[in-house]
Each structure stands twice: as structure tokens, then as C-alpha cells.
Amino acid sequence: MVNRHDFPYSPGSPEIARHRLVAEITFDGTKLALEPSRPKTTTGGRICPFQLYSVSQNRTRRSLTFAPLPFRRLAVATLFAVIAIFLPYSPILAAGQPVWAKHAVPIGGCDIKVPSPNHKLLAEVICRNKAKEGDIDRFLRVTDGAGRKYDLIFEDSLDSDLGLKRGAELLWSPNSNEFLINGGETAISGFFVDVYQIGPKEVEKFDVTEAAQKDMVRSFPPCKATILDERECHRMENHPDYNMSAVAWVPEKSAIIVMAQIPCSSEYGGIMCQLLGYEIQVPSGKILQRLTAKELKERWQHDIAWRMSIPDPPDYKPPKSK
């Protein structure tokens, strides 16, 4: 299916093919090859309104058959030690509390049941012990209104022991037809949101943030930012991987509000910490509305799990003299 992602505040957006991902999967042991990145963590004194985890991968297309995820206790302990360093600039991380969307249900543990608003469907986080290494394998089970069960692997593993892409919270849509999962890895970059849609015979998984990623590049051009060299800025232009997390479902619409932010790292030069909000149609990924950081705070602060701050303006290179 092909959709245009156009809206009044952006130049003509390219056509983007949306690939439907069937989420009824089998555990075949296939390993997903991903390369973890290690971003710098200094913020240069900038206000960082939106940081907690990090994920480094191209999320425009995802296969839903993954290797079982090692759940190492030491890795998790280290992860939260890193998070603690960034709490002054991060959403408040409290046990049993949502991280991004105030009304979401945390799913960071095991044996967690999240019923739909109409109480006819159920999403469960289930853990299985791996006898060989003593690790824990987490997966998601969705039970539809007819009692059919679908087992989904909703976490990816990286080669590094600390490279964990973890689902952190789940939020059902008001009509109980879809739910979203927010998640990430470490403290400052690469948050993701996945949308799951329940059909009559299958559950489908969608990445709806591709258009927002490209609009962030147009809104904050990397090659105009201070500090960034030409090679690095072109990489960011061609393969943006900015923070994307949903804070709410839009009432009376099949749409979500996504907070998009350039990570608060000196790796991103003068555009670090810049933030916009998007109303995104589900499952097409079409941008219905674009919000400045101020508009996002004014209209949706009541749905955000922490008190959002407005970032400093971007710092661009002076124009070249003719």
C-alpha cells in the first residue's frame, strides 16, 4: 500500500510504501543481525526534554521472526545504572510507572496482563526460562475476542550483551482494535513505537514513524548544524534514526500522538535535543498534524508521563559568504 505523507507545514513529502507485517510468528531461532552504535552522551548544557533509552537500527522495515532475547540480569542492572545518570534530563523512571505515555501500562517484567478497554481482548507478557543458559525469553501473547491466541516476539537482541531493545509500556486504543508499545535500549537516543492491529485472523505490526523521521530531517537540517562534519551530516540525512515515542491515542480517530526528538548528544551538533510532535494515522503512517514543541506541551502535557521541557533553539552554521 502506498501513501503520501503530506501536511501544510512541510514541503512535498515522498511516497512511502507501507509494508504490512503479519505478527503471527514461530520461534525458529533465526538471529537478527543488527549493529549497535555507541553515541556520545554529553549534552553541552542543553535542555533535554525527552531521553531515557537508546536504540540504533533502521526501523523502516522489521521482520517479525527474531532470535530469542537473552534477558541477562547483569545487563539489566547496568542499563538502569546508566539511566540513573540521565534522570535530571529524563522522564521520571519509577518502578511500576509508565515512562512516556501517562496512561500506558508498564510491561518491563513477566506475567503481565493488559486487558483492552472493552475487556474482550487481552495482551500478556509471558516469560520462559531457557534451560541452557538460565536466561529468560519474553514474548507477547494476544488473545482476541474469539479466544484465538497469537504469540509475538516484540523484543530484538543485538550482538552486545548490553544491546537490549526492550518493550517498556503498552497502551490500547480506545476502540480496542489496536495497541501500541513504546520501548528502547539505554539512556538518550533511538526510542521506538510499534503499533499492533488486531484483525479477524491475525495480528499485524506496523512502524508508522517513517514520515516523521524524514520530516525531522527537513525541519532541522543536519548539514546546517554546527560541529557536524559533512560526512556525518549526510549519513543522518539519509538514515535518520531519531527518538520516536507515542504519548496518546487521538480520541475518535485511529491515530496516535508521537513525540519526535533528535537525541541529546553532542554527536548531533547544533540540532541536538530538537523536538516536534506529530499526529500520525494508523496504520498508514500519514502525518495528519505537525506540532511545535510548545504546541505539543500545551495540548498533550496531560498525557505525557513527565513534565516536558521546551528545548533550546538549534545552533546553525553561519551562511557561507558569496
- Are the side chain of K102 and the backbone of Q301 linked by a donor-acceptor contact shorter than 3.5 Å?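 Between the backbone of Q301 and the side chain of K102 there is no qualifying donor-acceptor contact (under 3.5 Å).
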
- Short side-chain to backbone donor-acceptor contact, K224 and Y316, under 3.5 Å: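 No, because the side chain of K224 does not come within donor-acceptor range (under 3.5 Å) of the backbone of Y316.
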
Looking at [X] and [Y], what are the two nearest heavy atoms and their distance?
X: P106; Y: P98; answer: CG-N, 3.6 Å
X: L276; Y: T292; answer: CD2-CA, 4.0 Å
X: P221; Y: I271; answer: O-CG2, 4.3 Å

- Task: Go through I227 and Y268 one step at a time and tell me if the side-chain contact (heavy atoms from CB on, under 4.5 Å) criterion holds.
- Result: CA-CA 8 Å; I227 302 176; Y268 296 88; over 6 Å; no

Do [X] and [Y] make a side-chain contact, defined as non-hydrogen atoms from C-beta onward lying under 4.5 Å apart?
X: V250; Y: E279; result: yes
X: M244; Y: F191; result: no
X: V99; Y: N182; result: no
X: V193; Y: W100; result: no
X: D144; Y: Y150; result: yes
X: K113; Y: L122; result: yes

- Please check if any side-chain donor atom of E178 sits under 3.5 Å from a side-chain acceptor atom of S254, or the reverse.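 Yes, side-chain donor-acceptor contact under 3.5 Å.
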
- Would you call R290 and E295 a salt bridge, using N to O less than 4.0 angstrom?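 No, no charged N to carboxylate O under 4.0 Å.
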
- From CG (L170) to CG (L140), nearest 0.5 Å: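 With rounding to 0.5 Å, CG (L170) is 6.5 Å from CG (L140).
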
- Message: Before you tell me yes or no, could you show the steps for E124 and R138 under salt bridge (Lys or Arg N to Asp or Glu O under 4.0 Å), namely the whole-Å CA-CA distance, both residues' side-chain angles and the distance that decides it to 0.1 Å?
- Response: CA-CA 10 Å; E124 301 176 80; R138 295 202 325 151; over 6 Å; no

